[in-house]
Each structure stands twice: as structure tokens, then as C-alpha cells.
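Everything quoted here is computed from the prediction, not taken from an experiment. Residue numbers start from 1 in every chain, and the chains themselves are labelled A, B, ... in the order their sequence lines are given, proteins ahead of strands.
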There are 2 protein chains.
Amino acid sequence: MSRPTIAGVARAAGVSVASVSRVLNGLPATEEMVERVQRAVDELGYVPDARARSLKVGRTFQLTLAVADVGNPVYVTMMRAVEEVVSAAGYRLVVTTTGPDVVDEVALVRGMARGYADGLLISPLRVDEDLVKSIRECEVPVVVAGNVPAKAGVDTVRANSPKGMLLAVDHLVAKGRRRIAFLNGPADTVPGAARAKGFAEALRAHDLRPAAVAEADDFTFAAGRAAAPALLNSLTSEEVRVRVATSSDVRGRPDAVIAANDLLAVGVMHELAAAGLEVPADVAVVGMDDSELAEQSFPPLTSVNLGSAERGRRAAELLLARIEDNERAPRRIVVQPSLSIRRSTP
Amino acid sequence: MSRPTIAGVARAAGVSVASVSRVLNGLPATEEMVERVQRAVDELGYVPDARARSLKVGRTFQLTLAVADVGNPVYVTMMRAVEEVVSAAGYRLVVTTTGPDVVDEVALVRGMARGYADGLLISPLRVDEDLVKSIRECEVPVVVAGNVPAKAGVDTVRANSPKGMLLAVDHLVAKGRRRIAFLNGPADTVPGAARAKGFAEALRAHDLRPAAVAEADDFTFAAGRAAAPALLNSLTSEEVRVRVATSSDVRGRPDAVIAANDLLAVGVMHELAAAGLEVPADVAVVGMDDSELAEQSFPPLTSVNLGSAERGRRAAELLLARIEDNERAPRRIVVQPSLSIRRSTP
DNA sequence: TTGTAAGCGTTATCAT
DNA sequence: ATGATAACGCTTACAA
């Protein structure tokens, strides 16, 4: 019982393969022809082979979204937005996961070159020469949700994290916090570098100096927990009691922490709780990404909305546009951030 | 600058296409041949067309995992496990998302029939005749992570939620809780039905009666929050104060809530907090799935581990085995649950 | 060891 | 309107 092909259907219907193909693709045919083909198709349970079809047509009507870590909730926001746009355009979206390394990313882009997708949407954590090169040489259009050098000449949609950082710091300062610490992810990543720079600038804008800065090994909850103590250091409950008993403005103790993403922020909150510190009373916490985790966390997390949904949407649109016309000039879109204030800040 | 094909490489190298193919696939060839082909490949930046290749070979070396909701953290656990198994076997995993409806699921299975994957792993929320039929008729092997009727004759790996429910109830009862409520997801789903039944049985086993039962519209955080009040009902902070002032055993007030998954459980915890109730002091909460969210939530959530990782692993193995031999007898594996005790229970 | 040629299952271009 | 047939880019007998 081998799978039926268009030839089998043609034989069963007593017509030519060309006619079957036409009927299936809604091209003009007589009533009777449609009828006969339809019956044969139903009878045999025939389903066209997508590979053969796309080999001929040159299109798969599939788009691939590659994310670094499926466990990062920021990607679900993005994924939802991308899905909406591409499915409206008649494409199916498939998601594949790369590790945090550039090499995986490069391998993906290279392999996707003649693959099962008409386009590729990537959001790489790390970018190097090789990656840029493989993107440019890729046979299918690639758009990057993230930052690559302008001279690379690829479509990109990126966030404005310095601006986002400023929003966070403005808010904290307005609430009277001055001793602001920063928990970054790996600084050798694109977002890590951008956020480090943004944090420094934002503090400078307020004439403040960082209370502490730490770098987690990864943009994950576990890494956040692991790195938090270094940030909080001597901030134990013991000392808090002392602080409360003596003065409300002991130098050098953070009264606010900004984390480079929501996962890290939640990790910090857990460590704060473990140290007997209250959020936001003792320490305010703000995350970045404004993912679903931000509202699910407790207390709900104030988070910088870096526009993941809009970035996903715009990136998808860029990809569709480039599939349509590969000669158009590369665009570089940057979406503006906003601040979602919740209960982890006063 | 059209994309180079194997013919182009052959021409450039001055050899036949067969030789190019052989070299690329590591078949025996002379030093010199390998050398010439390699050079031409590099020069032209040739990448084989996966569709053409798989059309010929009959395999794509891609496997598809379809999940109902990318926002549900239980799927990331599963996805990680599946990824590990299939990539070790030389397959690439792609993830696609269906909605909560059967029709989407059926469409996916039908469409995948002759698609870009050698196998399909689905975890459907709802199952009906049509879905079972489409699975049986599917041209590529399908394994179901979930429950379908034995007579369907398809490979399945499912959880034992009644047993899991019992674990949860045992634990709560051991901690002295007797007024146990249950927040289910939609009861017309496979997991919803199983958990409702399991909850009833578990309470019966302890000679207890449900303190309250509610049904959320969806297995999501938002639905959990929305449904929680119905469950907690008159359990406002006002009344808690009264309760504390009068008696510690007011009939009919839940002192524990079991939720059908972690997302719902976290939703309940938020509502409890909003009502001024403490977890676990006033109300204990236990979730199901033991997803990453369980440890990220605050307080960390006691959760029934329904073996998502193991289910993913076993399902992936089943799929690989069936791809290997489509005639083997269908297997139905059930994986046993365990309880991950955290701080949301006493 | 290498080359020639026949498909894999479609669609599209021609005749008819 | 329908039918024969040549591609699409690759692998694999089979021949040389």
C-alpha cells in the first residue's frame, strides 16, 4: 500500500496527470472533469507531495523562525506576532531552536540555504563576521530581529535598549531610588552589550553611579539566581535590620535592581526573598522584555517593553516584502520601548 | 546570479554530476576528484537543494513537533527532551503550533501527510474521530503524546494523571488539609477530562468531598485568574479575618487548591494574593506539569510532575522506531508521575 | 573509479 | 478544455 501519486489518481480517474494537477490547483476545467478527479482523490486519499511541488514551483510556503532558547518567554511573544503576520499571508511558520552559539546560527543559515523554507527569521544572541557572511550568501531571504552592522546590508528590526534603560532608570529615580544595580546577561552577546552600554548612559544622565553590576552566564532564570548574590553581596536580612535601625541611606547598598531580561529579574527576586528582603519596599526590581512572565511573576514585574511583539510583526513584514522583491533596499527598523509598571517597583 | 546546482558544480569542476554527488556524500573517489569537486563547491558557494534530495531519497531528516500553545511552559520541557533524542539520531526538529481546536490539528496532520517531515509528534488537547482517522491515514508516522483510544492503534505516550492527582491529595491530606478545591481547564479536553476524573477518585480514596470545583476556559494564566474567584468565592480577606477570629475550621472554605496545570495554579496564587490570603498558610496550592514556571513562581510551586520530559523522550523514541519499521505493533506507554514539593504547600 | 541516464512527484508548456 | 512531455535538482543503478 504505497502512497498514491498524481499518476495514480490520473489512472484511477481515467484522465491525464496534467488534468489532475489543474483541477487540484483550481484551473479551468469542465464540471465533469472536476467531478471525476475529485472522486479519485477522495477514494485514494491522495495528498500532493509538498517537496515535489515546491521543487517545481520554487516555493515552499513555509517560513522558519529560529530562536536561541525556547524557554525564554520573550520568544513566545515574538512568535505569536510573527505567526499572525505570516499565516495571514498564506505561509506556515515553523520554529527551530539554535543554541546560544554563533556557530549553530551559522550552520542553520547555511543549511537553510536550500532548505524547506522560503525565508528565515533569526534573532541571534551573538553576531560575527561569519554569520553576516552566511546571511548575505544565503539563498533565501533572511531578516534579523536584533542588531547587525549597517554595512552588512541586511534587513533588521531592533529594539532601542538604551532608551528602554533610560525609561527604567527615570522611573526608579522618580520613585526615589538612587542606588541602582544592574544584572546583565553575557556581555559578549548583542543584547548584553547594548544593555550594558544603555545602563551606563542612563545612570550618567542622572548623575548617578552604578551601585553594583554583575553578569550572569546566560539569559536564564538559573543564571540569574546564581549571579544575584554577587550583586546583592552583603545585603542580608541581618544587615537590613541594622540599616532600618540606623539610617535609611546607607551608602553602597542597592535599593533597586535592573535586570537585562525578565528571567534574570525573576531570578533576582527569588534571591531577594531568600535573603529576607522585600520587593519593592527594600529593593525595587525591573526586568526587560515585558514578557508573559512579567505579569505571571509575583509580585508582578515592572518591565521595559522592548516591543517584542512589534519587532516580530515588523520583521515578518520585512521578510514577506523581501520574498516578494529581493532587490529592494535593505531596511533597518528600530522600535521604541515603553515601560510597563507593575508592583515590583514602588 | 542564480543559485548554483549540482550541474553547475560539475561543469565548473569538469566532472560529471554523479561524481559531484558521490564526493558530497562521502562515497569512494580519488584524491584528485575530491579535491576538484571541493574547490568548485567552495567557489560557487554551492549548497544542495534539500527538497530535490529528499524527493529522491524519500527522507527529509526533519521531524515536526506540534504543540497547542507555545506559551505553555510544559511544552518547553517536552521540546527540550524531544530535541535531544531526535538530534542525536541525526534529525532536525521543527516546532509548529496548532490552536486549541481539533480542526487545526486535523488540518496539520492531513497537510503534513506529504510534507517536509519524516514524522510527526503531536500532543492534542482534543481528540475526535476525525483526528484519529487522519492519523491513521497519514503518510508519515505519527505518535501522540497524550491519550487516544487503544483501538485507534497508534503509538502513544501518556501521563497518569489520576495517579498524579492522588499524589497531590495524599500530600495535602498529610499536611492536614481537608477542604481541597480543584481548578480544572476545559473539561472537554483530554487532559481536562482525565484530571477531573482523577481528582474525584483521589478525594474519594480519602473519603473527602471536593471543597469546590471550577473550570477555566483555557489552560492559561489569564483563564486561571478569571476562574479563580468562582473557586474561592466568599474567601475574601474580610472573611478570613472573621474566620481567624472565630474558628480555624469553618466548613466549606478551601484550604488547598489543586490546579490542572502550572499556569492555572499561578493564576490562582495571584488571585489569592489579591484577596489577601497567604500561600501556603491560608491556602496551599499545587500545580501540575512541574514546568519551569513552577520553580520560577513565587512562592515556588509544589507541582505534580507528569513526566513531560520523559514523555517527550519516549515519544521521540517511538517515532524514530516507527520510521525505522512501520510494521511494528503500536505501543502505548504510560509514564508514572511524581510530586515536586516546593513552598506553596506546607 | 567515473560517467550516462533513469527516475522521484510535481507543474507548465506546448500541441491537439 | 485536455493530453503528452519537458523540466525542477538530486541520487543511484548500470555501463564503461
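- Atom CZ of A:R51 is separated from atom C1' of C:dT10 by 11 Å (rounded to the nearest Å).
- A salt bridge is defined here as a Lys NZ or Arg NE, NH1 or NH2 lying under 4.0 Å from an Asp or Glu carboxylate O, and A:E129 with A:K133 fails to meet this definition.
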Per-nucleotide protein contact string for nucleotides 11-16 of chain C (B base, S sugar-phosphate only, - none; heavy atom under 4.0 Å)
BBB---
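- For B:D42, the side chain to side chain contact (heavy atoms under 4.5 Å, CB included) test picks out B:Q38, with sequence neighbours left out.
- Listed by first and then second residue, the salt bridge (charged side-chain N to carboxylate O under 4.0 Å, His left out) pairs involving residues 141-158 of chain B are B:D155-B:R322 (not counting sequence neighbours).
- By the salt bridge (charged side-chain N to carboxylate O under 4.0 Å, His left out) test, B:R51 pairs with B:D49, sequence neighbours left out.
- The salt bridge (charged side-chain N to carboxylate O under 4.0 Å, His left out) contacts involving residues 22-34 of chain B comprise B:E32-B:R36, where partners must be two or more places apart or lie in separate chains.
- Under the side chain to side chain contact (heavy atoms under 4.5 Å, CB included) criterion, B:E84 pairs with no residue, sequence neighbours left out.
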Under 3.5 Å donor-acceptor pairs involving side-chain atoms of residues 10-17 of chain A, not counting sequence neighbours:
| from | atom 1 | to | atom 2 | distance (Å) |
| --- | --- | --- | --- | --- |
| A:S16 | OG | A:A18 | N | 3.4 |
| A:S16 | OG | A:S19 | N | 3.2 |
| A:S16 | OG | A:S19 | OG | 3.2 |

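- If you walk DNA chain D from 5' to 3' and mark each nucleotide with an atom closer than 4.0 Å to a heavy atom of chain A, the marks span D:dA1 to D:dG9.
- Applying the ring-ring contact (aromatic ring centres under 6.0 Å, His included) criterion to A:F219, with sequence neighbours excluded, gives no partner residue.
- B:R39 meets the side chain to side chain contact (heavy atoms under 4.5 Å, CB included) test with B:E35, B:E43; sequence neighbours excluded.
- In the helix from C:dT1-D:dA16 to C:dT16-D:dA1, the terminal helix axes, each the rotation mapping four pairs' C1' atoms onto the next four within five end pairs, subtend 40°, rounded to 10°.
- Annotation: salt bridge (charged side-chain N to carboxylate O under 4.0 Å, His left out) contacts involving residues 62-82 of chain A, sequence neighbours excluded, comprise A:D69-B:R80, A:R80-A:E292, A:R80-B:D69.
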